[in-house]
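For reference, the structure is listed below as C-alpha cells.
First the proteins, then the strands, lettered A, B, ... as listed; each starts at 1.
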Amino acid sequence: MDSSRLAVFAVAVLIVGLVLATGPIGLITIPTAESGFEELGTGNATVHVTSSPDVIPLRAGDTGQDLYYLDVPPTIVEVRDLQGNPHLNYRVAIPALGYSTNSVTPLKPRGNGLHHIEIERGVFNASRITETEYEAELELVFHWSGGERVLFDRTVMVEVRE
Amino acid sequence: MTETDEPIFGDQIALTLFLGVLCFGMLSWRSDIFITDNETLVRTLQAMSEGRLWIEEVDGEGFFDAPGAEVRDGRVYGRNYGQLVLSLPALFFLQLLDAVADIRIALVGIMHLVFLAFLIQVGKLLGRGRQVALVASVLVLLSFLWNLTIATTLHEPRLALLALQVTSLLAAGAVAVVFYRLLTYQFQQRIGIIGGAASVVVLPVGFWATIPKRHIFSVLAVALILYCFAVSREPDTTRPLPFLGEMPVYRAGAYATVGLLTWIHAAEGLFLFLVLVVVDVATAPRNDRRTIAFVGCVFGLAVLPTVVTNVLVTGSPAEPPRTLGGGSFAGPAQEAAADGAGEETSTGLLDTLSELPLVGYGFWLASTIASITGDSLRAATDGNRLVGTFIRSADANITGGQLAYAGANLSVLETAPVLAGLVAGLVAWLARLRQAPRRVLAGTDPTAVLAAGFILSFLAIYVSRLPLYVQITQRYILPIFLLAFYLLLCSSTLRDIVDQGRLELLWSYAVGVLVGTQLAVAYVVQQDLALAEATQVNATLSLLTAVLVLVTTLGSVRWRQFERPAAIAIGLACAAGTMFLLMAGLQYFAITGEYILPVIDRLSAFL
C-alpha cells in the first residue's frame with residue numbers, strides 16, 4: 001500500500017475510532033454547552049455603569065418595505081468581584097407606541113470585566129411612526145441572590161431618523 | 001481526465017459532483033427547525049418510525065397543532081408522506097449512530113469523511129491522486145481534531161429532524177448528478193460539469209439543501225423526469241427485463257417519477273403528469289400497445305403509494321392529506337395563506353364529488369385544475385405581483401409573517417441573476433425561427449418543450465400565491481429555477497459563451513465569490529444592517545450582475561466580441577448566487593439553529 005492510501009486509511013480509522021469513543025464506551029465525553037443561564041440570579045458582584053445611551057435612534061430601513069428599526073445602543077457595565085451568576089435585565093419601553101422589550105444578560109459567562117449589555121433590534125411598520133420623537137423608558141436592573149437593585153431607570157429620547 | 005464507470009454514479013465526475021454538493025450543503029447545516037411547519041414533518045416522521053401515520057390521538061386536552069397538521073377522526077395527521085418515507089432509512093441509521101456515539105460528533109465525523117472522499121476524488125480527476133490524498137488526509141484529520149476539541153453536545157437533538165435534513169441533503173446531491181447526466185447527454189461533458197455544479201451551488205436550490213421542505217424533492221423529480229424523457233426520445237433505449245423482454249425503462253422512469261411525486265405533492269404531480277403525457281406521446285419514437293401498457297402499468301404502480309396513503313389519512317383516494325381541514329388540492333390552507341383570493345375550492349364540493357365513481361373523479365380533477373389555473377391566470381395580470389416575484393422584491397407588498405423577516409423574500413432574478421441570459425437565448429431562437437421557421441420548429445428539442453411546459457405548470461399552480469412571506473427564495477417555484485437554467489443552456493448561443501469563455505467564467509466566478517463575499521460580509525457587519533437590509537444588499541448586487549448578463553448576452557447574439565464579456569458577466573452572476581447562499585446560510589439565518597459543525601458555529605457567532 002503506498003503512503004497516500006495508508007494515510008487515507010489511517011485517518012478514516014482514526015475518525016471512526018474517535019467517534020465511537022464518544023459513545024457508551026465513554027473514553028471521550030463531549031461537554032454539554034453551558035447556556036450561561038444556569039442558577040440565574042444567584043451570587044453577587046460589584047457592578048458599575050460606565051456608559052449608557054442618551055438618545056435611541058429609530059431609523060428608517062432602506063429595504064423599501066417601509067420599516068423602522070429601533071437600535072437601542074448598548075449600556076457598558078464594569079463587573080468586579082463576581083460570585084455565582086447574577087444577571088442584568090435591560091429594558092426599553094415606548095408607551096406611545098405600546099412597545100416594550102427586554103434582554104437578560106447573565107454575568108457568569110464573561111466574568112469580571114466590561115460587559116456590553118444589548119437589546120434586540122425592534123422593527124416597526126412605518127404606518128405606526130407618526131412623530132419625529134418619542135419618549136422611552138430605559139432601565140437596567142441588577143438581579144442577585146439578595147434581590148434586585150435598579151442601576152438606572154430614566155426617560156430617554158427616541159429620535160426618528162429618515 | 002480518466003473516467004471509469006462507477007455503478008451508481010456512472011462516472012467519477014458524477015461522484016465528485018455529488019460529494020462536492022454534500023460538502024457545500026453541510027457547511028450551513030443547522031440542527032433546528034427553520035420554518036414552523038417542519039415541526040409537523042418531524043413529528044409525523046417520528047410517528048412513522050413507530051409504525052403509524054398519525055402523530056397522536058386527540059384526547060380533548062389539547063393536541064399537536066403546528067401548521068400542516070390536521071385532525072381527522074380524532075387523530076392528528078401530517079403530510080408529505082412521500083418525503084417522510086424516503087427519510088425513514090436515514091432515521092434508522094441515525095438511531096443506530098445515536099446508540100454508539102454522541103450524535104453531533106458522529107455527524108461531524110461523517111462530514112469529514114465525506115470531505116476527505118471529495119478531496120481525494122478531485123485529486124484523482126486532476127491527475128494528482130497521490131499527493132492530494134496525502135495532504136487531504138492531514139488537513140481533514142486536523143480539522144476533525146479541531147472540531148472535536150471545541151465541540152459541545154447539541155441541545156436536545158431530534159433525530160427525526162436530522163434524518164429529514166440528511167435525506168434532503170442527499171437529494172440535493174442527486175439533483176447535481178442527474179442534471180450533470182442530463183446536460184452531458186444532451187450537449188457535452190463540460191456543460192454538464194458546470195451546469196451540474198451550478199444547479200445547487202449557484203441556484204437557490206442550495207439554500208434548501210438542509211432545510212427539509214418538499215421543494216428539493218420537486219426539483220429532483222423534475223431533473224429525473226427530464227433526464228429519463230431525454231434519453232427515451234432515442235429509439236433504441238430499451239433495456240432487457242426478466243420475463244418481460246425489451247422494455248422502455250427510461251420512458252417508464254419518467255412516469256414513475258412523476259407518479260411518485262404525487263406522494264409528496266399531489267397537485268404538482270398531477271400538472272406535471274398532464275404536461276408529460278402530452279409532450280411524450282407527441283414526440284415518442286414509438287407508441288405501440290406494448291410500450292403504452294408497460295409505461296401505464298409503471299405509472300399505476302408509482303401512484304399506488306399515494307392512493308393508499310390518501311385512503312389511510314383522509315379516507316378518500318383522491319384527496320391528499322393537504323386537503324384535510326379545508327385546504328385546497330393545490331396547497332395548504334394554513335401554511336402561509338396570503339390574500340383572500342387563495343383557497344377557493346370548497347370542502348363541500350370535494351365531499352360531494354368524492355362520493356361519485358371514477359367518472360366523477362375525472363370531472364373533479366378537471367374542475368380543480370381549472371380553478372387552480374384560473375386563480376393564477378388572474379394573478380398573472382397583476383403586474384406588481386409579477387415584478388415582486390420575479391424581478392425586484394424590495395417594494396413588493398407582502399403582508400403577514402414576522403416583521404423582522406420582511407424584505408427578506410427575494411425575487412427570482414435577485415437570487416439567480418444568471419437566468420437573465422434566458423432573454424438572449426430566446427432572442428437568438430426567435431431570430432433563427434424567423435429565418436427558417438419550418439426547419440427550426442422541426443428541430444426543436446422535445447426536452448426543451450417539456451421543460452417549458454413544466455415551467456408553465458408550476459406557474460399555473462403557484463403564481464396566484466406569490467409573492468408571499470417565508471419564501472426567502474420563492475421556494476414554491478424552486479423547480480422553475482432549474483428548468484429555466486436548463487432552457488438557458490439549451491440555447492447554443494449561451495452554450496458557446498459558457499464553453500468558449502469557460503476560463504473567464506471560472507476566474508470571474510472565483511474572484512466574485514472570494515473577494516465579493518468578504519467585501520459584502522464586511523459591509524453588512526460594519527453597517528450593522530438588519531436582516532432585511534442585508535438580504536437587499538445581496539439582491540441589489542445580484543440585479544446589477546443580471547443587467548450585465550442581459551446586456552452582454554444580447555450583444556453576443558449579434559456580435560462575437562461580446563462573447564468574452566458575456567462569459568465574465570455570467571461568472572459574476574453565478575458568484576452573486578453563491579454569495580447569497582453562503583451569506584444567507586452562514587450569516588443571515590444563523591440564528592435559526594446550532595450549526596452541526598462546531599467550527600462554523602463559532603464563526604457565525606462573530607458575524
Checking heavy atoms, do the side chain of B/D98, its backbone, both or neither come under 4.5 Å from chain A? neither
Taking side chain to side chain contact (heavy atoms under 4.5 Å, CB included) as the criterion, tell me which of B/V108, B/L116, B/V114 meets it with B/H112. B/V108
State plainly whether the residues B/E533 and A/R59 are in salt-bridge range, i.e. N to O under 4.0 Å. yes
May I ask you to check whether B/F207 and B/F589 place their ring centers less than 6.0 Å from one another? yes
Name the region of B/L97, side chain, backbone, both or neither, that has any atom closer than 4.5 Å to a heavy atom of chain A. neither
Salt bridge flag under 4.0 Å for residues A/R80 and A/E78: yes
Relative to chain B, which of A/L18, A/I28, A/T22 shows the most heavy atom pairs under 4.5 Å? A/T22
Answer with side chain, backbone, both or neither: which region of B/A539 has an atom nearer than 4.5 Å to a non-hydrogen atom of chain A? neither
Which answer fits B/I105, side chain, backbone, both or neither, if we ask what part of it has an atom under 4.5 Å from a heavy atom of chain A? both
Are the aromatic ring centres of B/F18 and B/F118 under 6.0 angstrom apart? no
Could you list the residues that satisfy side-chain hydrogen bond (donor to acceptor under 3.5 Å, both in side chains) with A/R110, not counting sequence neighbours? none
Greatest number of heavy atom pairs closer than 4.5 Å to chain A - which of B/I110, B/L134, B/D102: B/D102
Under 4.5 Å, counting heavy-atom pairs only, tell me which of A/S4, A/A12, A/A21, A/G122 racks up the most with chain B. A/S4
Do NZ/NE/NH1/NH2 and the carboxylate oxygens of B/D601 and B/R104 come within less than 4.0 Å? yes
Contacting moiety of A/I30, where chain B heavy atoms sit under 4.5 Å: both
Heavy-atom distances under 4.5 Å only: say whether B/L145 touches chain A with side chain, backbone, both or neither. side chain
